[in-house]
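Since the structure is predicted, the reported quantities are computational estimates derived from the model, not experimental observations.
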Amino acid sequence: MNVHLHWFLPTGGDGRTLVDRHAYTDGGITRSRVTPVSGVRAPDIEYLAQIAKAAEQLGFEAVLTPTGTWCEDAWLTTVALAQHTERLKFLVAFRPGVISPVLAAQMAATYQRITRGRLLLNVVTGGDSTEQRRFGDHLDHDRRYSRTDEFLSVVRGVWGGKPFDFHGEHFQVDGGLTALPPDPLPEIFFGGSSAAAGPVAARHSDVYLTWGEPPEQVKQKIDWIRGLAEQEGRTVRFGIRLHTISRDSSAEAWATAHRLLDDLDPDTIAAAQEALGRSESVGQQRMLALHGGSRDKLEISPNLWAGVGLVRGGAGTALVGSHAEVADRIEEYHALGVEHFVLSGYPHLEEAYWFGEGVIPDLAARGLLPRIPASPLSGVPAANGRPASAPGGAPLLVAGGR
């Protein structure tokens with residue numbers, strides 16, 4: 001079982017300091033600032049294309065694009081970026097509650113033809129009722145998962161290439177059809193830590209995706225979903241969502257992580273924790289429990305740092321250490337059954353190079369990757385302790401995105 005490495009597209013904005021998308025009234029799209037924040041980059045297509053091209057060159061298989069109020073639309077952005085890349089796949093996040101399942105199936109089929117098979121799907125059921133209501137969705141937490149269950153049943157049904165009928169609580173479909181089904185069928189990534197989410201993942205997901213909890217907790221989730229999938233007569237693969245701060249030495253990596261905290265005052269942390277604490281997402285509550293809102297003891301497991309989650313929702317942990325130490329942790333998760341690693345680091349352009357030129361060759365040498373991606377600058381000595389092709393200096397991790 002090889003490791004599959006994926007990167008992240010910051011369609012809500014990127015940057016060098018620990019500021020979230022609230023730094024802009026519009027998530028950074030038109031650079032209309034609420035507070036003066038330096039080093040924050042708008043998610044224009046030129047910048048996102050740089051990240052996508054870097055990810056492809058460095059050997060990442062796909063890039064995850066988030067969904068939500070403060071992001072550019074994932075479908076439109078990624079199909080545009082497909083014209084700037086050749087092999088890179090796009091893990092498109094979307095909410096099943098705001099689109100017809102038959103239309104989504106048709107969109108996926110069209111996407112596969114336009115990109116020659118480079119679509120992956122990340123189904124986001126949603127754990128924040130306030131966010132859901134912005135899109136006209138008023139179902140409660142558990143009913144949203146019930147609807148996702150039906151949604152994915154319809155999608156897979158109409159991908160069969162012949163008329164498909166479905167009569168459920170949330171969807172009524174008569175003769176649903178995708179005239180030209182996608183080829184190949186997009187893999188479905190799905191996450192959720194609640195009792196309502198588990199059975200849906202077992203029935204429909206190709207890859208169950210969890211946020212970066214300590215290995216023992218991840219193992220418990222894997223065992224849970226694997227058992228549910230066996231009851232459904234299915235096999236599910238597993239992935240994990242993490243940030244990374246990888247450097248030539250452990251001291252450099254931890255210095256970068258610690259500098260992130262220098263910009264955080266207690267009021268900022270308290271406000272973020274109060275907002276995140278209102279989330280209905282069980283996964284979000286598990287993230288918050290890792291640090292309890294405190295700056296103390298943020299290394300919750302060897303090289304696993306929960307500092308990002310002090311102010312950021314969603315994925316709140318980072319792998320921090322030397323390239324070899326980060327590779328060690330990836331190998332540890334892989335031994336538990338994790339196959340897909342969806343990674344990010346801020347700014348995303350620079351951190352892609354730190355990871356791609358530091359960790360990826362190590363993983364390949366361990367036999368976890370099929371090959372070491374070729375680099376046009378391989379053999380060029382590093383300058384000032386930086387990867388030879390990494391733009392800029394040693395960047396800081398930034399909260400934002402998914």
Side-chain angles (χ1 to χ4, degrees), residues 1-6 61-62 64 89 91 93 96 120-127 141-142 144-153 155-157 159 184-242 280-287 289-290 300-304 314-317 319 327-343 363 366-370 402:
M1 180 178 70
N2 285 326
V3 163
H4 296 265
L5 297 174
H6 313 290
E61 182 176 331
L64 169 64
K89 296 179 182 179
L91 180 49
L120 306 170
L121 294 175
N122 180 31
V123 177
V124 180
T125 299
H141 177 276
D142 287 2
R144 289 198 294 268
Y145 278 101
S146 171
R147 179 180 58 199
T148 297
D149 192 0
E150 292 189 8
F151 182 97
L152 292 174
S153 294
V155 167
R156 291 198 183 276
W159 277 345
L185 295 180
E187 290 184 299
I188 293 175
F189 288 62
F190 179 90
S193 299
S194 68
V200 182
R203 279 191 286 271
H204 298 289
S205 66
D206 296 301
V207 178
Y208 175 80
L209 193 61
T210 180
W211 287 326
E213 299 178 4
E216 180 55 35
Q217 294 181 29
V218 171
K219 181 181 184 302
Q220 292 170 4
K221 275 191 173 181
I222 289 174
D223 291 344
W224 171 50
I225 296 297
R226 184 173 283 151
L228 291 174
E230 288 175 355
Q231 295 174 24
E232 298 286 340
R234 300 186 70 244
T235 299
V236 175
R237 288 170 288 125
F238 297 93
I240 193 167
R241 175 79 178 89
L242 289 157
E280 297 172 329
S281 166
V282 174
Q284 182 63 71
Q285 298 309 314
R286 290 170 69 104
M287 284 281 102
L290 296 176
I300 56 175
S301 185
N303 304 107
L304 185 64
T317 54
L319 296 178
D328 286 342
R329 300 287 76 80
I330 289 175
E331 188 169 20
E332 181 179 12
Y333 282 117
H334 180 258
L336 299 177
V338 177
E339 182 177 348
H340 292 264
F341 291 80
V342 184
L343 307 171
L363 294 173
R366 300 179 190 211
L368 297 177
L369 296 174
R402 291 290 178 200

Nearest-0.5 Å distance that lies between atom [atom1] in [X] and atom [atom2] in [Y]:
| X | Y | atom1 | atom2 | result |
| --- | --- | --- | --- | --- |
| Leu343 | Arg241 | CG | CZ | 7.5 Å |
| Leu121 | Leu152 | CG | CG | 9.0 Å |
| Arg329 | Ile240 | CZ | CD1 | 12.0 Å |
| Glu213 | Lys219 | CD | NZ | 14.5 Å |
| Leu369 | Leu363 | CG | CG | 5.0 Å |

Keeping the roles fixed (side chain from [X], backbone from [Y]), state whether a donor-acceptor pair exists under 3.5 Å.
| X | Y | answer |
| --- | --- | --- |
| Asp206 | Ile188 | yes |
| Arg234 | Ser205 | yes |
| His4 | Gly239 | no |
| Thr317 | Gly212 | yes |

Return the minimal non-hydrogen interatomic distance between [X] and [Y], and the atom names on each side.
| X | Y | value |
| --- | --- | --- |
| Val236 | Ala202 | CG2-O, 4.2 Å |
| Lys221 | Tyr208 | CD-OH, 3.9 Å |
| Ala197 | Tyr145 | CB-CE2, 3.4 Å |
| Asn2 | Gly367 | OD1-O, 4.0 Å |
| Pro186 | Trp159 | CD-CH2, 3.6 Å |
| His334 | Val3 | CD2-CG2, 3.5 Å |

Under a 4.5 Å cut-off applied to non-hydrogen side-chain atoms, are [X] and [Y] in contact?
| X | Y | answer |
| --- | --- | --- |
| Pro214 | Leu304 | yes |
| Glu187 | Arg237 | yes |
| Leu64 | His6 | no |

Salt bridge Glu150-Arg147, side-chain N to carboxylate O under 4.0 Å: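 Answer for the salt bridge query: no.
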So, His204 versus Arg156: side-chain donor-acceptor pair below 3.5 Å or not?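 Side-chain D/A pair, His204 to Arg156: absent.
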Partner of Phe238 under side-chain contact (heavy atoms from CB on, under 4.5 Å), chosen from Ile225, Val207, Leu336: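 Of all the options given, the one that passes is Ile225.
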